[in-house]
Protein chains: 2
Amino acid sequence: MTLKKSLARPDWWMDLPDGADTRHYLGVRDSIAAHIENGDLGHNACLPSERQLQSGTGAARGTVRAALFQLEAEGLIYRKERSGWYVSPAPIVYDPTRWEGFMSYVKAQGRDPKTELLGTCEVQATAALADIFGVDAGATLYELRRRRYVDDRAVLVETIYVDPRLAPGLLDHDLDGSLTQVLKREYVVDVARNRIDMQPCALTQAEAAALRVKSGLPGLLVTRISYDAQGRVVEYDQEYWRHDALKVSVDIRVG
Amino acid sequence: MTLKKSLARPDWWMDLPDGADTRHYLGVRDSIAAHIENGDLGHNACLPSERQLQSGTGAARGTVRAALFQLEAEGLIYRKERSGWYVSPAPIVYDPTRWEGFMSYVKAQGRDPKTELLGTCEVQATAALADIFGVDAGATLYELRRRRYVDDRAVLVETIYVDPRLAPGLLDHDLDGSLTQVLKREYVVDVARNRIDMQPCALTQAEAAALRVKSGLPGLLVTRISYDAQGRVVEYDQEYWRHDALKVSVDIRVG
DNA sequence: AAATAAATCTGGTGTAAACCAGTTTAGATA
DNA sequence: TATCTAAACTGGTTTACACCAGATTTATTT
């Protein structure tokens with residue numbers, strides 16, 4: 001008669017510190033996290049495959065995956081579909097009050113920014129858009145979709161809307177860089193006020209595909225509405241960020 | 001000879017819209033999400049149990065759980081350990097620039113705030129703390145831990161550090177409300193500047209326990225350093241929020 | 001009616017095994 | 001050498017159990 005499996009002492013038993021949480025997947029998590037924090041694995045280094053980790057830890061693959069999901073939620077690792085798991089690089093620090101634009105603040109942090117224009121078009125304002133811009137529903141707006149990179153890793157996709165009355169012919173300009181600068185230089189349109197919303201979200205179908213991540217991964221939705229001195233809406237921007245790529249930092253004088 | 005199981009058409013096959021994603025767990029997700037968005041389930045309503053959903057959808061329990069995790073990441077539902085899954089209430093809107101304090105802005109949104117003092121003590125400043133306060137390592141600091149609720153759901157736990165030199169005897173006051181007001185009223189200490197950091201994180205052991213959620217759940221770490229007019233650090237605050245309880249909204253004039 | 005004990009229900013964790021569909025790599029071919 | 005192809009590998013998804021411990025409810029006792 002054999003010992004019931006659940007009563008047999010598993011071979012990873014002794015790895016667990018005394019009095020510690022006995023959850024196996026946390027043990028696996030800690031072990032991987034230790035390797036990362038120890039510096040054994042540099043930024044963007046590839047982790048052993050799930051099946052290797054499985055045999056290495058003696059856990060079932062489901063358990064190994066639970067540990068990997070945990071580390072992903074913590075922002076320590078990310079994945080490329082069907083390729084592997086990788087160590088997350090340090091996040092970009094984002095200060096909404098210091099409005100310099102993506103290109104300059106990424107560069108200022110010693111990282112390599114890149115913007116890719118995915119497409120532009122003219123759209124009819126939906127009710128929500130019309131409300132934001134203070135125009136009639138159905139009015140024409142410019143829409144541009146861009147993808148932005150840090151060190152060649154896609155970190156956000158954004159959809160920007162601009163009122164053509166403020167920037168006629170905008171789509172003919174070079175939009176691979178700072179849109180704010182184009183507006184300033186070509187149209188003498190200056191941003192005087194920003195309204196920024198941030199909310200944890202799940203990356204849906206379209207965003208996830210554009211970031212080449214699994215749909216449903218956690219992300220951060222940053223919405224920005226820029227106004228000029230007259231209170232007109234200059235730009236409405238929806239940015240979907242990888243949740244591990246961003247750290248928000250604000251410095252505010254209190255009245 | 002029987003048909004191989006994986007080739008047999010599963011009984012949920014016809015539920016999937018044409019051309020849609022064939023991933024079963026997303027189908028389950030959509031079905032639950034529809035019920036929520038439809039209003040069949042009000043805020044804080046309890047979902048059917050995992051095993052009920054299982055038989056209701058014909059999926060394995062693991063698949064049902066994948067769907068629930070997805071909805072949790074999206075902030076639509078939350079769980080009480082070993083009790084059930086519940087519909088998330090609307091998030092609180094938080095404006096770091098408008099520094100009124102938790103109690104007042106939660107109330108302003110028609111919700112019911114509550115603060116609970118978990119404990120206070122005097123601690124020796126660690127290197128990191130000493131650096132923030134500009135004191136010597138080992139200097140004494142007040143530490144207070146609090147838990148804050150919205151409509152009787154715990155949404156954040158915080159650890160606050162205060163320099164005793166600015167507010168001697170602080171711990172003898174009533175700290176169940178606004179700390180900023182106590183500092184202002186009792187010590188004539190006014191906050192002139194705030195530095196606020198926000199970063200997605202995983203709720204670790206202690207925070208998760210205090211929020212009565214599973215350790216490792218995604219959260220948002222909001223760190224605030226408050227300075228007075230002389231640039232002295234008045235207060236250093238680490239807030240661990242449930243990720244589904246908060247929406248950050250900032251309105252900024254651009255110089 | 002209130003306190004207590006037991007049965008039941010619920011999520012939490014773990015195992016094992018398949019099969020699928022992109023990615024990557026190594027080898028064969030032009 | 002460059003290109004193409006096929007095999008190997010990787011994560012992605014799903015099934016089906018099993019057992020645990022906390023939460024809840026029910027029945028029982030005081």
Side-chain angles (χ1 to χ4, degrees), chain A residues 2-13 15-16 20-29 32 46-72 77-86 208-209 212-217, chain B residues 2-13 15-16 20-29 46-72 77-86 205 208-209 212-217:
Chain A
T2 59
L3 199 58
K4 282 184 72 177
K5 190 189 299 169
S6 62
L7 293 178
R9 180 177 293 171
D11 46 1
W12 44 266
W13 171 81
D15 286 322
L16 296 168
D21 208 311
T22 55
R23 286 177 286 181
H24 193 186
Y25 79 91
L26 286 183
V28 177
R29 186 224 87 100
I32 299 173
C46 188
L47 264 59
S49 80
E50 293 178 1
R51 286 164 175 90
Q52 274 177 281
L53 289 169
Q54 185 186 346
S55 62
T57 58
R61 198 170 146 220
T63 306
V64 171
R65 298 201 100 218
L68 292 168
F69 291 154
Q70 170 77 32
L71 288 162
E72 182 187 46
I77 64 175
Y78 66 100
R79 45 181 154 173
K80 292 187 197 162
E81 289 239 343
R82 277 164 247 270
S83 163
W85 294 87
Y86 301 83
R212 282 187 269 273
V213 301
K214 203 193 70 162
S215 156
L217 226 65
Chain B
T2 59
L3 198 58
K4 283 184 70 177
K5 189 190 300 169
S6 63
L7 294 177
R9 180 177 292 171
D11 46 2
W12 43 266
W13 171 81
D15 285 323
L16 297 169
D21 207 312
T22 56
R23 287 177 286 180
H24 194 184
Y25 79 90
L26 286 183
V28 176
R29 186 224 87 100
C46 188
L47 265 58
S49 79
E50 293 178 2
R51 286 163 176 91
Q52 275 177 281
L53 289 168
Q54 184 186 347
S55 60
T57 59
R61 197 171 146 219
T63 306
V64 170
R65 297 199 102 218
L68 293 168
F69 291 155
Q70 170 77 31
L71 288 163
E72 182 187 46
I77 64 175
Y78 66 99
R79 46 181 154 172
K80 293 187 198 161
E81 289 239 344
R82 278 166 244 269
S83 162
W85 294 87
Y86 301 82
Q205 186 73 63
R212 282 187 269 273
V213 299
K214 203 193 70 162
S215 157
L217 226 64

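So you know, we letter chains A, B, ... as the sequences are listed, proteins then strands, and number each from 1.
Among the heavy atoms of the strands lying under 4.0 Å from B:Arg65 is at least one base atom, whether or not backbone atoms are also near.
Per the geometry, CD belonging to A:Gln54 stands 11 Å off P belonging to D:dG11, to the nearest Å. Rounded to whole Å, the distance from OH on B:Tyr86 to C1' on C:dG11 is 11 Å. Put simply, CD on B:Gln70 is 13 Å from C1' on D:dG12, counting in whole angstrom units. Atom CD of B:Glu50 is separated from atom C1' of C:dT10 by 8 Å (rounded to the nearest Å). Separating the CZ atom of A:Arg51 from the P atom of C:dC20 is a distance of 14 Å, rounded to the nearest angstrom. Between B:Arg82 atom CZ and C:dT10 atom P the separation is 14 Å, expressed in whole Å. Rounding to whole angstrom units, OH of residue B:Tyr25 and C1' of D:dG12 are separated by 8 Å. The nearest whole Å value for the distance from the CZ atom in B:Arg61 to the C1' atom in C:dT15 is 14 Å.
Of the candidate nucleotides D:dT14, D:dT10, C:dT10, D:dT14 has the atom nearest to the side chain of B:Arg23. Listed nucleotides D:dG12, D:dT14, C:dT24 differ in distance to A:Ser83; the shortest reach to its side chain belongs to C:dT24. Minimum atom distance to the side chain of A:Trp85 is reached by D:dG12, of the listed C:dG11, D:dG12, D:dT10.
Within the 4.0 Å cut-off from OP1 or OP2 of D:dT13, not a single side-chain nitrogen or oxygen of B:Thr63 is found. Remark: B:His24 is not in phosphate contact with D:dG12, judged by side-chain N or O atoms under 4.0 Å from OP1 or OP2.
Closest approach of A:Gln54 to A:Val64, counting heavy atoms only: CA-CG2, 3.7 Å. The two atoms that bring B:Ala67 and B:Tyr25 nearest to each other are CB-O, 3.3 Å, heavy atoms only. Between A:Tyr86 and A:Gly84, the shortest heavy-atom distance links the atoms CE1-O, 3.2 Å.
A:Ile77 places a side-chain heavy atom less than 4.5 Å from the side chain of A:Leu47. Residues A:Thr57 and A:Thr63 fail the side-chain proximity criterion, which asks for heavy atoms closer than 4.5 Å.
Sequence order on DNA chain C of the closest nucleotides to A:Gly62 and B:Gln52 puts B:Gln52 first from the 5' end.
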